Amino acid sequence: MAAHTFIDAAPETGPAVTPLKTSGKAQSIAAAGQWTLIWQRFKRNKVAVVAGWIIIALYLIGIFAEFLAPGLPDTARPQFTNAPPQSIAFFVTDENGQTRFQPHVKGYTQSVDPASLRRTFVVDDTQVVPIGFFVEGPAYRLWGLIPSTLHLVGPLDPTDTMYLLGTDRLGRDLLSRLIHATRISMSIGLVGVVISLCLGVTLGSLSGFYGGWVDLVIQRIIEVISSMPTIPLWLGLAAAIPITWSPLQVYFVITLIVSLFGWTGLAREVRGRFYALRGEDFVTAARLDGSGERRLIFRHILPSLTSHILAVVTLALPTMIVAETALSFLGIGLKAPVVSWGVLLQDAQNVRTIAGAPWLLIWPAGAVVLAVLSFNFLGDGMRDAADPYEG
Amino acid sequence: MSVQSAVELKPVAAPDPQVVLAVENLSLDFRLRTEILHAVRDVSFTLKRGQTLCLVGESGSGKSVTARALLRIIDKNGAITGGRILLRGKHAEIDIAPLTERSRELLRIRGGRIGLVFQEPMSSLSPVHTIGSQIVEALRLHRRMDKAAARAETIELLRQVEIPNPEKMIDRYTFEFSGGQRQRAMIAMALAADPEILIADEPTTALDVTTQAEILDLIKRLQVERGMAMLLITHDMGVVAEVADEVAVMHFGRIVEQGPVDDIFHDARHPYTRRLLASTVKLEQNRRAAPAPTGEPVLSVRNLNKVFGGTPGWFGSATFAIKAVEDVSFDLHAGENLGIVGESGSGKTTLGRLILRTVEPTSGSILYRGGEGEPVEVTALGKRGLRAYHRDVRLVFQDPFASLNPRMTVKQIVGDPLYVSGASRGAALEKRVGELLEFVGLDPLSMERYPHAFSGGQRQRIGIARALALDPKVLIADEATAALDVSIRAQILDLLLDIQKRLPLSFIFISHDISVVRYFCDRVAVMHRGRVVEMGTAEEICTAPKAAYTQSLISAVPNPDPRHKRMLHRTRFRA
Amino acid sequence: MGRYVVKRLIYMVPTLFGMSIIAFLIIQLPPGDYLTSMISRMTESGENVDPAQVARLREVYGLADPVWLQYWKWISGILLRGDFGYSFEWNRPVADLIWERMGSTLALSVASLLFVWAVALPIGIYSAMRRHSLGDHVFTFIGFIGFAIPNFILALTLMYVAYRYLGMSVGGLQSPEFIDQPWSWAKFVDLLAHLWIPIIVIGTAGTAALIRILRANLTDELNKPYVITAKAKGLPEYRAVIKYPVRIALNPFVSAIGWVLPELISGVTITAIVLNLPTAGPLLLRALVSQDMYLAGSFILLMGVLTLIGMLVSDLLLALLDPRIRFT
C-alpha cells in the first residue's frame, strides 16, 4: 500500500496562471455589454479591421465622387482615345538644372501608324503638365444640389490633360469614370441588400412566427429560388426591362432583380436562428416571467440576432455588387450614361481591346475585386465576432 | 500524526515489481490567449497491477488532462513542461513524456499497452462506422490479426462486455446502441489489444445510476480477470468509495492528498479533501424534520397524462405515440418539499413542464390553491390567468449558462419579471433587485454586470433571485444543481433551504440524483417510464423502498464510504 | 433506402412546379410578345403587315389565350411531347436547338465539379490539419482571392494573360481547324488544351468556398471525442483523420453539389459568353437580347432542372455515405 501523503497548505482559490499580457480589464469586461464584447473580439481580427476601413473609404469615394474626380465622367476628347495612364511626379528640373517642387504629369506625344492609321500615344518626358490640389475644374453639382467647380486634384490649366488611369475609346478620363462608378456600384449593393433584408426578415419571421402552411409555402419558395442558377435568372429578368426606361428606373429595377434572389439566404438565416433561440432556456424563462410574444421577440430574441444579421448582410453585399457588374458587363444591366464598374468593364470585352488598353480591364476589375474581397473579410470577421458568448 | 510536507512527496525509490506505470513530477501548461494556464503541476503517482487508482477532483482540477497526458493526447496549445511518465511492465522501461507525437513507440502504447475509455458515450464512437469495424481496427492494429480472426475476436469481446446478440450487434451503427451499450462497446475497444493499463475518464458520468452501477461492475470484473492496472477519473466520491484501492485528490492542477481509499475517507488531512467529503457526506442524510401535511394542498395533480406524437404522418403512416407522462397524481402542501426522482426518459422533466403548462397536458387536472380566492384549475387557464399563475409558480432551470440571457445585465434579468408585471419600475426596481441579490448571497453592487462575469454557482443564484422576484408560492427546480460541482451543489441546496425558512415556499424538486433529493425533500415520488412507481417520505424511499424499481435504483447509488460498499450487493430490476 | 428515394422524388415535384412557373414568368415578362416586336420591325423597315396574318399567327401560337391556359399548353407540351415551343429567331423548334447546348453545359459543369473536388479535398484536409501553418495561410489567401474575383473578370484576365504572354488565342472549345472534324486523338488533345481555362475560371470560386467549408467542418470534427478515441486506439494521426473526421466532413462536401451546381451552371453561363464556348450561355444571352423568349425560357427551365437533379444525386450519395440519414 502506498503511503498516505498530502500537501500541508491551504487549498488554493484559483487555477495557477502566468499572465502573458498585463490585463487589468477584468472589471470592465464584467460590465461590458454585447456590443463592447463583439467589438473587442472583432478588433483582434486585423484583416477584418483593415477591410472595414477600405469599405468606409470606398463609400466616402462614392459620396464625394464629384469632388474627388478630376473631371466629369462623360467629357470625351476624341483626340485622346485609349490614351495610356500618365504618372504623377513631384519635382521638375528646369533648363538650369535646378530642381523645384512642382507636382505634374508628363504629357503625350502621339504618332499615327501610317499603315493601320491607328493612333498610339507615347508619354513624353519633356512635356510637363503642372497639376495641383483643390483646383478649379469643370463645373458640377455635388449630389445634384451644390454647384461647385472645386476638384481635389487636377491640372492647373483646365485645357491640359491629366489621365492618371488613362482614357477609354471615346477619350474619357477613366479615373473620373471609375470614381463615379464607385458611387453607383457601391450604392446598388447597399440598396439591394436593404431590400433583401426587408424581404428576408419579413418572410423569415413570418415563416418562423406562423409556422404551419405559411412556413411550408415560404420554405418551398426559398428552395425553388435558391436552386435556380442565378445568372440565367438575372439575365432573364433583366432582359425584360424595356429599352425606353430612364437610367434611374433601370437602376432601381436592377437593384430589385438583384435583391429578389439575395433574400433567400437571409430569410433562412433569420428563421433558423429564430427557431433555435425560441427553444433557448432564457427565452422560456422570459416567457415564464410574464413577457408577451412581442416583448419576447423584441427584447429577448432580436437583440441576439442583430449581430448575426449584420454579418450575413455584409456577406451578402458583394454578391449584389458582382450581380450588377455581371449584368451590366453583358449589356443588359445598367446602360450609359450611368457608369458603374460593370458598365466600365463593358469596354473590355474582347482580348484585342484589352491587349491595346489593359487599364480598361485592370482598374475597374481591381475595384470590383477590392470591394468584394473587403466585404468578405469584413463579413467573416463580423461573423466570427457575432457571438461573443460562445467558447 | 506527523504532518508531512510536499517535499516528502518524493518519487518511488525502489522499483516495485507491481508498479506498471509511474508518473513523476509531471507538469503541463496550456498557452491561452492572455495567459499560461498551469493545468498540471508536479503530479506524481503510480499505477499497480490489478489495482485501481482514482483521480478525483472537481471541474478544472486538471484530472482529465493528466489522464490524457499519459497517452500524449493533449490539445495543440498544451505541452508537457516537466516530469516523467515511466511505463514498466513486461517490456523494458520507457518514458512516455519525451516521445514525439508520431513515434512508433507511442502508437504501440496507445491502445496497445494503455487503453482509454471516456465520458461521452454519445460522441466518442464514430457515427458513420459500424461498432464492429471500429473494434476490428484496434485488433488488426495491435494484434496483427486477419479479418476473419479479428471479427471472431470482436464478437468474443462484445460478449465479454455483456452486449446481447454480439453476432448481430457487431454490424450495427453507433446510433443503434443505447448509452450504456455504447460505453460497453468503448470498453471492448479499449480492451481489444489486452492492455496492461486502463484509463477510464469519467466513464459513467453521462449514464443513469443503474447503468453506472452495471458499467462499474463490468470494469471491475474485467480488471480482476485481466489483472490490469486502472486509473479512474471521477468527480463522484461515491464512485471512488465503491471502486478505488487508492485515491489521489486533485485541486487546481496539484494532487493535494493521496493514499489508500480508507485513509482518504476516514482520515482526510488536507482541508480541500475534507471539504469535498463533507459536502458529499452531508447529502447522505435528511436534515429536515418533515412537517405533517396540514390543510389543503397548494397544488393537486390528478391523473395527468402527456402523449407525444401519435398523429398520422405525412404519408398516412401513423407515427409512434410516446406516453411521456402517464396517470400521475400527487399533492403538494404548503411549505413542503416534494422530490421527483427518475432516470433519463422517466418523464420527470416533462412533468415539471406540464405543471407550468409550457407543455400542454393531454389530459388530467392541476388544481392550484395558492392564490387568493377560489382554487384555480390550471389546465383550463387562459393567457391572462396563466400569466398570474406563472407569478406564483416559478421555475429554476438546470443550466445556469443557457437560462440567463447573456446580453442582459443581472439587473435586467432579475428585474424583468418585476418590470413586466408592473410591480416596480425605476429606482424601486433597482432597490428590489439589490435586495433579491443580497437575499441569495450576491453582492448587490454587481447588478450592472453581465452573466458572463459570474461562475456557475453564482449564475444559479441569479436564476433563483429571478424566480423569487415576484414572491412566488411554489418553486419548481428542474435539476437545478445537476450542472454544479459537489461543493457548490451543497451550497445552493442550503441556500434554498435557508430561503424556505424565511419565505412561505413549497418546492417541487426534480432530479436524477437521489442523494440531493434525500437531503432536500420531505416526500419523494419515484418515476419510471412516465409513471409514479412509488411515493413516500424521503427517508422511507431511501432506506426502505418497496417497489422493485425503487429498490434497484436506490441500491445502485454509490455509497461514499469504502467500508460499506453498496453496489456490489445491489438488487437488479428487469422489466 | 427505397422509401427514402421515393420520398425525395416526391419532394421534388413542388420545386419543379415552382421552377416551371418562374421560367414561364420570364417568357411572359417582356412587354408585348414576339409578334409585336416582329411587326414593329417590319413596319420600321417599311414592309407591309397583313393584320389577318398577324391574327392567324396569334391564333397559332395561342398568344390570345388566358395566361393559365398558355402555361398549361406550354408545360404539357414539354412534359408530354418534349415540345419546348418555337424559336422565332431561328425559325426552328426550341427542342432542336437546346439539347446539344445543354449537353455541353452539363459536361462542362461536371468537369468543373470534378476539378473543384479534386483540388478542394486535399487542400481542405491539409489546411484543417495544419491550421495557421504557412501553407494554410497561403491557401486561405488564394482561396479568398479566388472567391472574390467574379468569373467573367477571371476569364478576361486569363484570356489577356494567355494572349499577351503565351501568344495563345483562347476561346471556344476547339481550334478552328478541328471544328466539324470527326473525333480523333488530336481533336481530343485540342479540346483539353482549350478546356483548362474555362474549368479553372468556373471552378475557382467553388473550390475556394469548398476549401473554406471543409476546413471549418474538419476543424470542428477534429476536436470531437471520436477522433480522440481513434488516436487512443493507436492509429497514426493521418490515418485517424482520414478514416474518421474526413469521412464525416465529406458530408457537406457531397451535399455541396446542391449549392455548388447552381453556381457552376451560373458560372458556365457567363464564362461561356466571355469565352464564346458552345454551351447554353451565349445562345441564352442572344435569345434574351432578341426576346426569343421560348428559347430563353427553356434554357432557364432546363438549367433549373439540372441543378435539381444534381441535388437529388447529392442527397442520395449522402444517404449512402451516412447511415444516420438512411435509417431515419
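Note that the coordinates shown come from a computational prediction; the quantities given were computed from them, not determined experimentally.
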| said: Looking only at heavy atoms and a cut-off of under 4.5 Å, which of B:R108, B:Q134, B:H142 has the most pairs with chain C? | reply: B:Q134
| query | Quick one: of B:S126, B:S123, B:A138, who has the most non-hydrogen atom pairs under 4.5 Å with chain C? | reply | B:S123
| query | With a distance cut-off below 6.0 Å to the six-membered ring centre and an angular limit of 45° from the axis, does C:R215 pair with C:F139 as a cation-pi contact? | reply | no
| query | Tell me, side chain or backbone of B:R68 under 4.5 Å from chain C's heavy atoms, or both, or neither? | reply | side chain
| For C:K233, all residues meeting side chain to side chain donor-acceptor pair (under 3.5 Å), sequence neighbours excluded | B:E137, C:Y244
| message | Do B:T211 and B:T204 have side chains that approach each other closer than 4.5 Å (heavy atoms only, starting at C-beta)? | response | no
| field | Set of side chain to side chain donor-acceptor pair (under 3.5 Å) partners for B:T52, sequence neighbours left out | value | B:Q223
